[in-house]
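The structure displayed is predicted, hence computed values, not measured ones. The figures that follow rest on heavy atoms only: side chains count, while hydrogens, waters and symmetry mates do not. Residue numbers run from 1 in the order of the sequence given.
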Amino acid sequence: MIMLKKIADRYVKLFSSLGKILLLLAFCLGTGFIIVWPLWKWATSAPVSYTIAVAAALAGIILYFLFRRLHRKTKTELVTGLLKFCILAGGIVICILLVLHGHRFLALPVVLLMIFLYGMTGNGLKRSEKK
């Protein structure tokens with residue numbers, strides 16, 4: 001009798017775990033449908049406004065994290081960080097534009113210049129310590 005009770009308890013635990021897994025799966029599917037379907041509908045019916053909204057949200061998130069990170073730095077670290085960011089962003093944008101306009105070979109010197117300037121910004125702007 002005790003053996004049957006142990007077996008029954010194990011089956012109850014097994015089916016309980018399976019039920020929880022199925023319930024979690026149903027919850028995830030339902031939540032995903034509730035979130036994704038309106039976004040998909042918006043993206044297919046008005047792609048321009050959807051693109052603008054997503055780009056604005058992404059820019060807001062990037063700016064939030066950028067300002068939060070830069071807020072903790074000193075002025076020298078802030079200027080150096082912004083200069084590095086401008087070098088990388090400008091170099092990437094110029095490379096993309098050159099490649100899109102068919103000037104792939106001109107993008108290579110831009111990449112090399114970008115790497116050189118980034119290195120100079122990180123290492124060349126540090127004050128030398130007097131010994």
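In this structure, CD1 on Ile115 lies 12.0 Å from CD1 on Ile87, to the nearest 0.5 angstrom. The distance from the CG atom of Leu25 to the CG atom of Leu18 is 12.0 Å, given to the nearest 0.5 Å. Here CG of Leu58 is found 4.5 Å from CD1 of Ile62. Values are rounded to the nearest 0.5 Å. Once rounded to the nearest 0.5 Å, the distance linking CG of Leu23 with SG of Cys28 reads 10.0 Å. A distance of 11.5 Å separates CG of Leu108 from CG of Leu113, quoted to the nearest 0.5 Å. Between the OG atom in Ser16 and the OH atom in Tyr11 there is a gap of 15.5 Å [rounded to 0.5 Å].
Considering only residues two or more places apart in sequence or on other chains, Phe85 meets the ring-ring contact (aromatic ring centres under 6.0 Å, His included) condition with none of them.
A chain of hydrophobic side-chain contacts below 4.5 Å, direct or via other Ile, Leu, Val, Met, Phe, Trp or Tyr residues, connects Leu106 to Ile94. With hydrophobic clusters built from ILVMFWY side chains whose heavy atoms lie under 4.5 angstrom apart, Met3 shares a cluster with Leu14. A continuous path of hydrophobic side-chain contacts links Ile92 to Leu83 [ILVMFWY only; heavy atoms under 4.5 Å]. Hydrophobic clustering, with ILVMFWY side chains joined whenever heavy atoms are under 4.5 angstrom apart, keeps Leu112 apart from Phe105. If you chain together hydrophobic residues whose side chains sit under 4.5 Å apart, Ile7 and Phe15 fall into the same group.
Looking only at side-chain heavy atoms (C-beta outward), Leu88 and Met114 come within less than 4.5 Å of each other.
Although no hydrogens or angles enter the test, the distance criterion places a donor-acceptor pair under 3.5 Å between the side chain of Ser49 and the main chain of Ala46.
Summarising the geometry of Gly91 relative to Val110, their closest heavy-atom pair is O-CG1, 3.9 Å, with the distance given to 0.1 Å. Contact record, Cys95 with Ala107: SG-O, 3.7 Å, taken as the closest heavy-atom pair. Closest of all the heavy-atom pairs between Leu117 and Thr121 is O-OG1, 2.7 Å. Contact detail for Ala53 and Trp42: the closest heavy-atom pair is CB-CH2, 3.3 Å.
Ile52 belongs to a hydrophobic cluster with Val48, counting contacts under 4.5 Å between side-chain heavy atoms of Ile, Leu, Val, Met, Phe, Trp and Tyr, direct or through other members.
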(request) Go through the steps for Leu39 and Tyr50 under the test side-chain contact (heavy atoms from CB on, under 4.5 Å), then give the verdict. (result) CA-CA 8 Å; Leu39 291 174; Tyr50 178 79; 4.2 Å; yes
